Amino acid sequence: MTTQQLQQLKNTMPAHDDRVDIRGVVLDPDMPAAQRAEQYLQQVKNPYHFRVGDIAVNVQFASERPLKDAVVSYLINLKNAG
């Protein structure tokens with residue numbers, strides 16, 4: 001899946017019944033991580049908007065900064081708070 005396709009999925013709000021229930025997603029644990037990720041994307045159809053049972057889930061990130069930076073910032077704030 002391309003970056004453009006993912007961006008389009010992120011900006012598309014599907015109806016509740018059109019979302020895939022991820023409880024039915026089955027991944028092969030023996031596959032390499034990259035293939036499991038592709039397998040997940042094929043089954044879930046839209047990684048930003050899916051369901052868990054009757055609950056609709058919308059995945060959104062607060063910023064585009066790297067995860068490493070976010071974790072470091074979190075740990076520093078946690079240390080300073082205590």
Side-chain angles (χ1 to χ4, degrees):
M1 194 168 288
T2 67
T3 303
Q4 183 178 4
Q5 289 171 318
L6 285 171
Q7 187 66 34
Q8 186 177 14
L9 289 173
K10 182 166 56 170
N11 295 327
T12 302
M13 185 68 69
H16 186 272
D17 290 340
D18 292 338
R19 297 170 186 236
V20 173
D21 186 343
I22 63 167
R23 295 178 304 170
V25 172
V26 178
L27 302 176
D28 182 350
D30 296 327
M31 291 180 120
Q35 288 180 322
R36 282 195 315 268
E38 187 61 36
Q39 190 179 46
Y40 174 80
L41 289 173
Q42 287 173 357
Q43 291 180 54
V44 80
K45 308 291 187 231
N46 188 332
Y48 296 102
H49 306 287
F50 52 87
R51 286 186 299 120
V52 181
D54 290 333
I55 299 172
V57 178
N58 299 310
V59 176
Q60 188 174 10
F61 298 95
S63 71
E64 296 295 324
R65 71 180 176 166
L67 178 60
K68 178 183 172 187
D69 293 348
V71 171
V72 168
S73 176
Y74 170 76
L75 293 174
I76 289 170
N77 288 334
L78 192 62
K79 180 181 175 186
N80 291 338

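Predicted, not measured: the structure shown is a model, and the values here were computed from it.
- Taking OG1 from T2 and CD from Q7, the interatomic distance works out to 10.5 Å, rounded to the nearest 0.5 Å.
- Counting only heavy atoms from C-beta outward, the side chains of V59 and P47 never approach each other to under 4.5 Å.
- Considering OG1 of T12 and OH of Y48, their distance stands at 11.5 Å, rounded to 0.5 Å.
- Between F50 and V20, the shortest heavy-atom contact is CB-O, 3.4 Å.
- Legend: residues meeting salt bridge (Lys or Arg N to Asp or Glu O under 4.0 Å) with D21, ordered by chain and number and at least two apart, are R23.
- In this structure, Q43 and V25 approach most closely via the heavy-atom pair OE1-CA, 3.3 Å.
- Shown here are the side chain to side chain contact (heavy atoms under 4.5 Å, CB included) partners of D28, two or more places apart in sequence or in another chain: D30, M31, Q39.
- The environment of CD in Q5 is crowded: more than 12 heavy-atom neighbours from other residues, nucleotides or ligands sit within 6.0 Å.
- Counted within 6.0 Å of CG on L75, heavy atoms from surrounding residues, nucleotides or ligands total more than 12; the atom is thus considered enclosed.
- In D54, the CG atom is not crowded: 12 or fewer heavy atoms of neighbouring residues, nucleotides or ligands sit closer than 6.0 Å.
- The side chain to side chain contact (heavy atoms under 4.5 Å, CB included) search around R19 returns M13, P14, H49, R51, A56, N58, not counting sequence neighbours.
- Annotation: the span from D18 atom CG to N46 atom CG amounts to 10.5 Å, rounded to 0.5 Å.
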